[in-house]
Structure formats: C-alpha cells, structure tokens
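Worksheet: the structure to be examined is printed underneath.
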2 protein chains.
Amino acid sequence: MLSYTEENYLKTIYHLSENGSKDVTTNGIADAVNTKPASVSDMLKKLAQKSLIDYIKYQGVTLTDEGRVKALKIIRKHRLWEVFLVNKLSFNWDEVHDVAEELEHIKSPLLIKRLDEFLGFPQFDPHGDPIPTEDGIINHKRSVPLHQMEIGMSGVVVGLNETASSFLQFLDKIGVYIGVKIKVLDKSSFDHSVEIEIDQTSKMMISNEVAKNLNISE
Amino acid sequence: MLSYTEENYLKTIYHLSENGSKDVTTNGIADAVNTKPASVSDMLKKLAQKSLIDYIKYQGVTLTDEGRVKALKIIRKHRLWEVFLVNKLSFNWDEVHDVAEELEHIKSPLLIKRLDEFLGFPQFDPHGDPIPTEDGIINHKRSVPLHQMEIGMSGVVVGLNETASSFLQFLDKIGVYIGVKIKVLDKSSFDHSVEIEIDQTSKMMISNEVAKNLNISE
DNA sequence: AAAATATTTTAGACTACTCTAAATTAAACC
DNA sequence: GGTTTAATTTAGAGTAGTCTAAAATATTTT
C-alpha cells in the first residue's frame with residue numbers, strides 16, 4: 001500500500017518522463033512536488049527499495065513496469081475525477097486540478113469502477129488528456145506541441161501541457177478549446193511566436209510560450 | 001487548517017457525545033479511532049490548545065462551539081458523499097461507510113456546495129441520519145424507510161430513495177410529496193404491502209417496494 | 001585535463017503521530 | 001477510610017516525511 005506522498009512522487013516521475021525527453025532529475029522532482037532535493041533523494045531510495053523505480057545515485061530515475069502501472073492508476077483516477085467535476089458538478093475546466101489532486105488518492109477500486117461507468121467511460125479528461133485504462137494502458141494518441149508544427153500544417157487541439165489557471169483563462173479568451181481546429185499560418189523567426197487560424201475563421205498571434213503548451217493532433 | 005487525524009478525532013468525539021449519554025472518555029476515543037489511550041491524551045492536549053475541545057486532565061472531554069461546528073462540517077461531508085455513492089454510483093447502503101470515511105476529508109467548500117446541489121439538497125443520508133447544514137445546524141430526527149415503521153406510527157415524508165420518473169409519477173397520483181403526513185394503518189404479512197393514511201384523509205395500499213423507497217421522519 | 005560550478009546525496013535535526021512501559025489519579029470495594 | 005483496580009497521563013522512543021548545512025559527485029568552462 002502506497003502512502004499519499006509516495007503516490008505523488010510516482011505520478012510526478014511519470015509526468016516528468018513523459019513531457020520533455022530529457023531525463024528525470026532530482027531537482028526536477030523537487031520542483032514539481034514542491035519540496036527540497038534532499039527530501040527527494042530520501043524518497044527515491046524508498047521507491048527503489050519497493051522496486052517502483054530504477055535508481056542509480058547521481059544518475060537519473062526511471063519507473064519500473066510496476067511503478068508505471070501504479071502511476072497510471074493514479075492518473076486515471078485524477079482524470080476521471082476531473083471529468084466528474086466538470087461534467088456533473090459544473091466546475092470550470094480551470095478549477096478542477098487542485099480538487100482532483102486530492103480525490104486521486106482515495107483508495108477504492110470499486111469507487112473508480114462505478115465512477116467510470118457513471119461518467120460513461122470517458123476517454124479524455126476536460127483538458128484533452130487521455131484517461132488510462134484500469135490496467136495502466138494509455139492511448140498515446142500522437143500529438144505535437146504547436147510550436148513544433150510547420151507552416152501550413154493544421155490539426156485539432158487535443159491537449160495542454162500547462163494547467164495554470166491564468167493560461168486556461170487566456171485560452172478561453174481567444175476561443176481555443178479542446179477540439180478546435182488550428183492551422184499554422186506563419187512563424188516568426190525573431191521571437192518564435194506563431195500566427196494561427198482558429199476554427200477556420202479568426203486569425204491570431206500567439207507567443208512561443210503559449211504554442212509550446214498546446215498539443216495538436218491529427 | 002486541521003489535519004486528517006485531527007478531523008477524525010473531532011468527528012469521533014462528536015459521535016461519542018451524541019450517542020450514549022455517558023461522558024466521553026479517553027479509552028472510548030482510543031477504541032473508536034483505533035489507537036492507544038496514550039495517543040489520545042496527546043491529541044486531546046493538542047485539540048484543547050486549539051480550543052476545539054474543553055479538556056481537564058482525568059476528567060472527560062467536551063467539544064467547544066467551534067469544535068462542534070468543525071465536527072458537523074465533516075459529518076455533513078461524510079453523509080453527502082454517502083448519498084452520492086448510493087444514489088448516483090449504486091453502492092449498497094452497507095458498502096459506503098469506508099469510502100465516505102476517506103472522502104469526508106477532501107478540502108473544498110465549492111466541491112461540497114456543488115455536490116449538495118447535484119444531489120438535490122438531501123436532508124438524510126442512506127442510513128436515515130440527518131445531514132447537517134453548511135453552518136453546522138443539525139436536525140436531530142432520524143428518518144426511516146416506511147416499510148420499517150410499526151403499525152399505528154405516523155410521520156412526515158422527508159426523502160425518496162428512488163428518482164425514476166415512473167416512481168415520481170406514481171407518488172404524484174396518490175398524493176404523496178415531501179412533507180406529507182403518513183400513518184401506518186396495517187401491514188400485510190403476506191406480501192409486506194402497507195396500508196397507509198395520507199394527510200389524515202385518504203387511505204391507500206402501497207407495495208413493499210414503494211414503502212422501501214419512502215423515508216419518513218418525526 | 002584541471003578548476004569552477006551545479007547537482008545530488010548524506011548527516012543530523014524537526015514535526016506529527018504513534019507506541020510501550022511506568023507513573024499518576026480516580027473509582028470501586030471491603 | 002484505606003486498599004485494590006481501573007483509567008489516564010507522562011516519559012521516552014519509533015516512523016514517515018520534511019528541512020538546512022555540509023560533503024560528494026557530475027558537468028561545464030577554460
């Protein structure tokens with residue numbers, strides 16, 4: 001049985017190894033779980049002992065198969081709760097993260113089974129991220145951060161890499177949602193901002209920072 | 001901000017002082033929270049320090065007003081989650097306790113507000129216990145499913161265990177609403193149907209199935 | 001390749017909660 | 001009312017997680 005804290009570390013390591021292709025560092029984890037590197041070192045030893053991660057001192061960390069399945073179960077719970085909050089309790093999609101962060105640690109397989117059913121077996125959470133299956137299989141529907149797309153390419157917004165509510169509110173304002181079609185019209189070589197067409201209608205200039213955090217697919 | 005553990009102690013002290021009229025003892029608490037009396041003494045000092053309880057060494061414990069309101073907020077959350085689990089996720093009423101025990105500690109006033117709304121502002125949990133209001137007011141009457149009432153007893157309809165529209169339409173037809181007064185005139189030992197008097201006027205024969213789904217109080 | 005810098009780990013200590021064993025106080029008994 | 005017994009509290013120690021400061025290892029720079 002994993003503690004609340006252990007679960008958070010596992011989940012974080014999973015996210016860090018998915019995002020950037022760079023390896024997972026102690027400092028990176030410390031940053032993400034809002035603690036100090038020294039505490040992370042301690043925890044990594046503990047997780048390695050439980051064979052949830054492969055860990056060699058001073059080299060990075062990777063999840064074992066067991067660790068990854070555990071992490072994906074937590075992520076599954078997180079995302080299902082997000083769907084619940086948005087679809088059933090009419091939360092805004094930028095209000096759900098913190099509450100889901102707590103709910104994801106509730107330990108009841110039956111609860112999650114029933115919740116999944118109640119929600120109609122959703123495949124994606126309100127941010128467009130795929131919901132892993134019960135046994136830790138995740139649909140890695142290929143998506144590319146918008147800033148990596150070539151001029152002339154188009155696709156549909158399927159996910160976000162950032163959930164800060166300031167970011168979510170910005171997207172709201174410019175009319176970018178999950179499912180909206182985006183076409184790359186131009187890219188500035190000066191500040192790497194990107195000109196896009198939203199929903200085949202409005203045109204928009206967005207910063208590289210914003211483009212980096214929008215995942216496009218199809 | 002109270003810890004998970006502090007919340008459990010408060011809730012337990014509340015329950016112990018409600019139930020039996022005997023005073024709340026260290027051993028009693030230890031038993032209820034599944035720990036040792038020595039640990040309870042420590043925690044009592046801590047809760048007294050936070051002025052959530054009145055505590056004199058070797059004499060018993062009572063909740064302060066502040067402590068009682070805190071306890072009732074936890075109980076409110078517990079019972080609302082129980083309603084959710086039974087009414088929305090089709091848990092049996094005897095399966096919900098442990099999960100609700102975890103869910104009650106989720107810290108989000110907005111979540112509880114929305115959940116309450118989503119559930120239709122229920123007054124009683126699936127076991128018939130009253131749900132305290134947001135500001136810690138509790139109606140001390142219990143509710144009982146109609147089929148468990150004795151012949152000659154009467155009370156007021158305070159809740160339904162079923163929301164299928166066919167059921168609601170049936171109730172409509174026979175003039176049963178929340179707030180209507182019901183008296184049990186007779187119970188058939190053959191099919192367990194119940195003869196009732198509605199609003200001190202009309203008499204009616206209802207099936208056990210219907211009786212099970214009507215909660216009566218007072 | 002050595003020196004400077006950044007990252008990571010260890011050492012030792014702190015908090016919240018828990019425990020056992022011993023000491024203290026209250027209650028029950030004769 | 002004094003003694004026995006039960007309940008409660010204190011003392012001292014353990015675990016999970018955290019921290020700061022110092023030591024060890026990697027990485028970058030020159």
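Worth saying up front: this structure is predicted, and the values here are computed from it rather than measured. Residue numbers start from 1 in every chain, and the chains themselves are labelled A, B, ... in the order their sequence lines are given, proteins ahead of strands.
Defined by atom type and a distance below 3.5 Å, a donor-acceptor pair is present between the side-chain atoms of D191(A) and S193(A). For the residue pair N27(A)/T25(A), the side-chain donor-acceptor check at 3.5 Å is not satisfied. In this model, no donor atom of one side chain and acceptor atom of the other lie less than 3.5 Å apart for T201(A) and D199(A).
For E95(A), the side chain to side chain donor-acceptor pair (under 3.5 Å) test picks out no residue, with sequence neighbours left out.
Following rounding to the nearest Å, D31(A) (CG) and dT7(C) (P) show an atom-to-atom distance of 11 Å. Remark: C1' of dT9(D) and CE of M43(B) are 16 Å apart, rounded to the nearest angstrom. Between the CG atom of L47(A) and the C1' atom of dA16(D) there is a distance of 13 Å, rounded to whole Å. What separates CG of D23(A) from P of dA26(D) is a distance of 14 Å, to the nearest Å.
Contact annotation: Y9(B) side-chain N/O to dA16(C) OP1/OP2 distance is not under 4.0 Å. OP1 and OP2 of dA16(D) both lie 4.0 Å or more from every side-chain N or O belonging to T5(A). An OP1 or OP2 oxygen of dA6(C) is reached within less than 4.0 angstrom by no side-chain nitrogen or oxygen of N27(A). Put simply, T26(A) has a side-chain N or O that comes within less than 4.0 Å of OP1 or OP2 on dT9(C).
H97(A) has its ring centre no less than 6.0 Å from the ring centre of H127(A).
Note: F84(B) and F118(B) have tilted aromatic rings, judged against thresholds of 30 and 60 degrees for the angle between ring planes.
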Between the protein and nucleotides 19-25 of chain C, which nitrogen or oxygen pairs come in under 3.5 angstrom?
| from | atom 1 | to | atom 2 | distance (Å) |
| --- | --- | --- | --- | --- |
| dC19(C) | OP2 | T35(B) | OG1 | 2.3 |
| dC19(C) | OP2 | K36(B) | N | 3.1 |
| dC19(C) | OP2 | S39(B) | OG | 2.7 |
| dT24(C) | O2 | Y58(B) | OH | 3.3 |

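For T25(A), whose side chain is taken as the heavy atoms from C-beta onward, the closest listed nucleotide among dT9(D), dT8(C), dT10(C) is dT8(C).
Across all strands, Y4(A) comes closer than 4.0 Å to no nucleic acid atom at all (heavy-atom distances).
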